[in-house]
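Report on one structure; see the data block that follows.
Numbering of ligands and ligand atoms starts at 1, following listing order.
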Amino acid sequence: MLFAVICLIIVVSLVSSEETLQPNIVFIVADDLGWDDVSFHGSDNILTPNIDVLAYEGVILNQYYTDTEGTASRSAFFTGKYAMRLGTQGISISAAEDRGIPITELLLPSYLQKLGYSTHLVGKWNVGESREHYLPTYRGFDSFYGFVGRSVDYLTYNLIENCNGADYYGLDLFENREPVFDQTGHLTEILTDQAIRIIRDHNTSVPLYLHISHAAPHAGGGFVNLQPPLDSIEANGYIAHSARRLYAGLVTSLDKSIGHILSMLAEREILDNTIIVFVSDNGAAPIGPSQNFGSNLPLRGVKGSPWEGAARGVAFLWHSSISSKIHDGLFHVTDWLPTLVNVAGGNIPENIDGVNQWDTINSDERPKRLDVLITIDDLNGWAAFREGDFKIIIGNVNRNFSGYYSKELKVLRNTIPSYENMLLECDANRIIRETLDLVLDVDLAFAKRKELSMTYINENEINTEPCVPTQAKGCLYNITADPTESNDLWNNLPDLVRHLTLRLRTLWADMVPRRQPQLDPKANPSFHNYIWYPWVENDEVVLEPPKVPTFPLQVSVDELEYLVDINMNTFRDNLNLYIKDMSKSFIRSVSALFSL
Ligand SMILES: *[C@@H]1O[C@H](CO)[C@@H](O)[C@H](O)[C@H]1NC(C)=O
Ligand SMILES: *[C@@H]1O[C@H](CO)[C@@H](O)[C@H](O)[C@H]1NC(C)=O
Ligand SMILES: *[C@@H]1O[C@H](CO)[C@@H](O)[C@H](O)[C@H]1NC(C)=O
C-alpha cells in the first residue's frame, strides 16, 4: 500500500514537473515591417530598442523566409505548409472574397490546445472570414480579440474594401464572435492592452500560447494611410520625410508594446519560461498597393514581389535559457509549427513542408533546411526558389516593383538620438536585468549589429538594368554573396539553372491553383449594420480549384534533354525503384513540363 502511494506520488510529481516544462509561447507578428526598419539590422533611422535588446539576447534568424504576402505567410505559419498547397498564395484574401485556409487543415493553435495550452489570438487574422468555420475560435483559439481582414483603420477599426468600383466599409474589431463597439484609442495600444489582460488573467499552471498579430506598421488600408499615436510621431521628429516619420511612429509604438508585454510576463513571474518570437509577415511596401513608406534596403523589391525585400523577414526567438547567437542557416515560416509543437511536447505531423528547427536554435547543429520555396504566385505568373546559396526567380515579373526603394525616405533633418542610451534605458533591458539578472553586453550587441548590417549597394557598381525575369529567361543569384540580387548568374551556370528550374517545375505542378479574387456584393457590411460578418454558409460548396496554369518559363531543348537524361539514368540505376516510384516522378516532371 505504502509502495503504491509512493509510486503515485512519483507519478504525479513527474507529470506535473513535465507540465511545468512546457514553455509559454508569445508569438509577435508585425505587418509589412521592412528589413531595414529595425535598428538591430544596422539601420540608423528608426530606433527599436526593445525589439533589439530581445534580439541581441536571443537567437537572430538571419536568413528567415516568409512568403511575399500576408495571407500566404500567415497560412504557411498556421499549417506548416507552403501556401501554394492551400490555395492561399499570391495577393491576400479580400474581405469580400469567399476564401480561407481549407477547413480540412489543422492549425497550430489546435495542436497546442491538444497539448494542454491555453490559446489566444490578439490582432490580425486574414486567413478566412467569409464563413463562420474559417474564424479563429473555430480553428483552435480559445479566445480572439482583433480583426479578421487584412488591415483596419487604426482609430475607427473600420475595414474598407474597394469592391467592383464601390467602397464597402464596416467595423472589423471583434471579441470572439461579437463586434466591439465601445472601444476608443489607438489600435496598437488596444491590442497591447488586450495581450496584457490575457497574461494578467492567465492561470499559470497551464502553458500559454499568445499570438499577437499587430496591424502595425501596415498602411491603414482605408481612407487614411498612416496613423501612429501622437507621442510616437514626436519621438521620430529627426526624420525629415513626413510619411516616413508617420511610419516610424507606427514602428515606435510597436516597439513600446513589447516592453509592456515583457513587463506583465515578469509581473506574473513567467518570463523565464516564455519563448518570445518576433517576426514580420513579409517585407514593407515603400511603393505600390498598401504603400507604408517602409524600407527593405539594401534588399531589392517590395512586398508582393518575388525579391528578397518581400520575403526575407525580420525574425528572432528569445528564451531565458537559450544562448544568444546569430543563426545563419535557412529558416522558413512553415518551420514554426513543427518547432513549437516539438517544444510543447507533441508529435510533429507528417506531410508538412516545415522542418523542426529546435536543435538549430538551441545548439550549434548543422542547418536542418537545405532549400525553401520562397513563393509561387500563379495569378501573377512567377515563382522563386532557393537551394543552398542560390536563388532562382522565373516568370513575368513586373519591372515596376523590382528596384531598390526608399533611400530618399531616410533623410534626417536633426541628429538621431543616442542608440546606446536608448538600448540601455528601454523597458526590455530594465525588465530582463531586474527579473533575470541578465545584463546586456553592449559591445557584443554592437558587434552583432555590425555583422548583421549588409553593405549598401554601391549605386555606381550596380547594373543599371538589373535582371528582371521574363518567360524566355529567369534570374539566378548567389544570395550568400549577393543578398541584394544585383549580379545575375543565369547565363554563367546553365547546369544549375536546369536543376533549379526542374525543382521549381515540380513544385509548380503540385500547387492548388487559385482564381482571380471574386468579390461578392453580398459581403457588403451595409447589409449588416456596417459590420464585417461572415456571409456564406459553412456548408456551401467550395469551388474546385482551376487547372494548374502553364509554368511561366519556356522550355528549352537543353532542358528537355536534361530531363530525359536524368530520368534515363535513374532508370538504369534502379529498375525496381523506377517502376514503383520514379515512373511517378517522371510522369510528374513531364506533366509539369508540358502543363498537362
Ligand atoms: C488553474 O489550472 C489548474 C490546472 O488545470 C486547476 O487545477 C486550477 O483550478 C486552476 N486555477 C484556477 C484559479 O482556475
Ligand atoms: C509600370 O509603370 C509604368 C509607368 O508608370 C506604367 O506605364 C506601366 O503600365 C507599368 N507596368 C506594369 C506592368 O505595371
Ligand atoms: C556563393 O558565394 C559565397 C560567398 O562569396 C561563396 O563562399 C560560395 O562558394 C558561393 N557558392 C557557390 C556554390 O559558388
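- Among protein heavy atoms, atom 6 (C) of ligand 3 sits closest to N478 ND2, 4.3 Å.
- Taking a distance limit of 4.0 Å, we find that atom 2 (O) of ligand 3 is approached by some protein heavy atom.
- Among protein heavy atoms, atom 13 (C) of ligand 3 sits closest to F390 CE1, 3.3 Å.
- Of the protein's heavy atoms, none falls inside 4.0 Å of atom 9 (O) of ligand 1.
- For ligand 2, the atoms sitting less than 4.0 Å from at least one non-hydrogen atom of N400 are 1 (C), 2 (O), 3 (C), 8 (C), 10 (C), 11 (N), 12 (C), 14 (O), numbered in the order shown with element in parentheses.
- Taking atom 4 (C) of ligand 1 as the reference point, the nearest protein heavy-atom neighbour is S205 OG, 3.8 Å.
- Screening D378, N380, D377, L379 for a side chain to side chain contact (heavy atoms under 4.5 Å, CB included) involving Q89 leaves a single residue, D378.
- Ranking the protein heavy atoms by distance from atom 14 (O) of ligand 1 puts N203 ND2, 3.5 Å first.
- Taking a cutoff of 4.0 Å between a charged side-chain nitrogen and a carboxylate oxygen, R244 and D37 qualify as a salt bridge.
- Nearest protein neighbour of atom 5 (O) of ligand 1, counting heavy atoms only, is V206 CG2, 4.1 Å.
- Ring orientation note: the planes of F78 and H211 are tilted relative to one another, at an angle of 30° to 60°.
- What sits closest to atom 11 (N) of ligand 3 on the protein, heavy atoms only, is D389 OD2, 2.8 Å.
- With T375 as reference, D67 is the one residue of N282, T66, D67 to meet the side-chain hydrogen bond (donor to acceptor under 3.5 Å, both in side chains) rule.
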